[in-house]
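See structure below.
These numbers come from a predicted model, not from an experiment.
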Amino acid sequence: MTVIVNPEGAISPEAAPAGTTRATLRRNFWRGVWRVLRRKPSRMAGVVIVVLFAVMGVAGPLLYPAQLPRDDDALYAPPSLAHPFGTDFEGTDVLALVVTGARYVLLTGLATAVITVALGTVIGLVAGFHRGRWDMLLMRLTDMNLAIPGLPLLLVLSTVWKFESPLEMGLVLGVLGWGGIARAVRSQTLSLRERGFIEAARGLGLPTRHIIGRELLPSMAPYIAMNMLIAVTGAVYAQVGLFFLGVLPFESNNWGVMLNLAVFNGGALTTPAALPYLLAPLIAILLLTLGIVLIVDAMDEIFNPRLREE
């Protein structure tokens, strides 16, 4: 195969094989990501925080037995080397409760984000690209989704559904939460469908599936990825809040369950001894949110040329 080399000695993009060009673009992209992350130490800290929580959710429960040990002689023990966050009202290590409860929280957040973004993106793309009857039908469906009162519906569902699995919780929260993303993606699609590259694709007679999947979707991938991270934080707040309020039965270890028991059973707001039991899950939620926000800040610069510093 003949390779054309320009006067500077670089391979011409037109002459380079397609696979080589894609590999080069991927390398350049990840180098750009690395440069953006290194530019601000806070962004690297965000990546480290999220990775640590991911490891905690995957491997954390494997480090502890299914039934955490209790010590009746160490109820509400103060923080120490043996118990960094003290113990709860049953003498169970609070750090162990945070670690083992992370899996439910993270899996629920991930499942919610995937379902929310997938439904919202598909509906928004189809509605914005086809317009007409499809747009009217899908937007009315979106309006119905936005009008559904989530809390009363969950109250009704909790009477017959125990939500023992994080995927069950993620499914419900995802089905209830895709409306906002659908409307945002539709607006982006209406703007992009009038661009020259979309008109060129239509002029070439490319099928609709190709135009949406290969032309529109990659252009909105950064926006969709950022919304997915934001959806994770929203799902974390939603599920923790529901468990804290006692709307859902306490069938699994969860940070929201810890907050509920600390406040309403342990009297953490009035008893200093129970305060570490309350602060531990709150610190975990704040750190996870901080890590995601810092990553979103980096992604905004990575995908927005106007913010990218040279």
Side-chain angles (χ1 to χ4, degrees), residues 41-42 44-110 112 162-164 166 169 173 232-295:
S42 60
M44 292 297 298
V47 173
V48 171
I49 291 172
V50 172
V51 170
L52 287 177
F53 272 100
V55 173
M56 183 190 300
V58 173
L62 302 178
L63 303 176
Y64 298 96
Q67 293 294 330
L68 296 176
R70 302 175 180 178
D71 186 356
D72 294 334
D73 297 326
L75 304 182
Y76 288 127
S80 62
L81 291 177
H83 306 290
F85 288 98
T87 61
D88 66 354
F89 59 95
E90 293 180 328
T92 304
D93 183 55
V94 173
L95 179 60
L97 291 171
V98 172
V99 172
T100 54
R103 174 174 290 184
Y104 189 104
V105 174
L106 296 177
L107 283 179
T108 299
L110 183 60
T112 302
K162 300 302 181 182
F163 293 101
E164 297 178 0
M169 173 65 74
L173 293 177
V232 172
T233 61
V236 170
Y237 290 146
Q239 61 171 310
V240 169
L242 290 170
F243 278 108
F244 171 72
L245 294 174
V247 173
L248 303 176
F250 298 166
E251 297 292 336
S252 60
N253 187 19
N254 182 286
W255 295 344
V257 174
M258 293 179 64
L259 292 174
N260 179 284
L261 295 177
V263 172
F264 299 110
N265 192 22
L269 298 180
T270 57
T271 306
L275 192 58
Y277 185 35
L278 174 67
L279 292 179
L282 286 178
I283 292 173
I285 295 169
L286 291 175
L287 282 177
L288 178 60
T289 303
L290 176 63
I292 292 176
V293 168
L294 293 175
I295 292 178

message = Parallel, tilted or perpendicular: which one describes the rings of W255 and F53, with boundaries at 30° and 60°?
response =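 The arrangement is perpendicular - the two ring planes meet at more than 60°.
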Looking only at non-hydrogen atoms, find the nearest pair between [X] and [Y] and report the distance.
{"X": "A274", "Y": "A268", "result": "O-CB, 3.6 Å"}
{"X": "R103", "Y": "V58", "result": "NH2-O, 2.5 Å"}
{"X": "A284", "Y": "V98", "result": "CB-CG1, 4.0 Å"}
{"X": "L294", "Y": "S42", "result": "CD1-O, 3.0 Å"}
{"X": "G109", "Y": "A235", "result": "CA-CB, 3.7 Å"}
{"X": "P281", "Y": "L259", "result": "CG-CD2, 3.5 Å"}

query = So, the side chain of T87 versus the backbone of Y76: is there a donor-acceptor pair under 3.5 Å, distance only?
reply =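 Flag set: sc T87 to bb Y76 pair under 3.5 Å.
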Would you say that [X] contacts [Y] through its side chain, given a criterion of any heavy-atom pair below 4.5 Å between the two side chains?
{"X": "L173", "Y": "T108", "value": "yes"}
{"X": "V232", "Y": "T112", "value": "no"}
{"X": "L106", "Y": "L288", "value": "yes"}
{"X": "N265", "Y": "F89", "value": "yes"}
{"X": "H83", "Y": "V94", "value": "no"}
{"X": "V47", "Y": "I295", "value": "yes"}
{"X": "L68", "Y": "T100", "value": "yes"}
{"X": "Y237", "Y": "T289", "value": "yes"}

Between [atom1] of [X] and [atom2] of [Y], what distance do you get to the nearest 0.5 Å?
{"X": "Y104", "Y": "M169", "atom1": "OH", "atom2": "CE", "value": "4.0 Å"}
{"X": "Y277", "Y": "L97", "atom1": "OH", "atom2": "CG", "value": "6.0 Å"}
{"X": "N260", "Y": "L278", "atom1": "CG", "atom2": "CG", "value": "11.0 Å"}
{"X": "I285", "Y": "L290", "atom1": "CD1", "atom2": "CG", "value": "13.5 Å"}
{"X": "F85", "Y": "L275", "atom1": "CZ", "atom2": "CG", "value": "12.0 Å"}
{"X": "F264", "Y": "L245", "atom1": "CZ", "atom2": "CG", "value": "7.0 Å"}

task = Dump the intermediate steps for side-chain contact (heavy atoms from CB on, under 4.5 Å) on Y64 and V99, then the final yes or no.
result = CA-CA 9 Å; Y64 298 96; V99 172; 3.8 Å; yes
message = Once salt bridge (Lys or Arg N to Asp or Glu O under 4.0 Å) is applied, what residue pairs with a partner in residues 78-90 remain, sequence neighbours excluded?
response =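 Found R70-E90.
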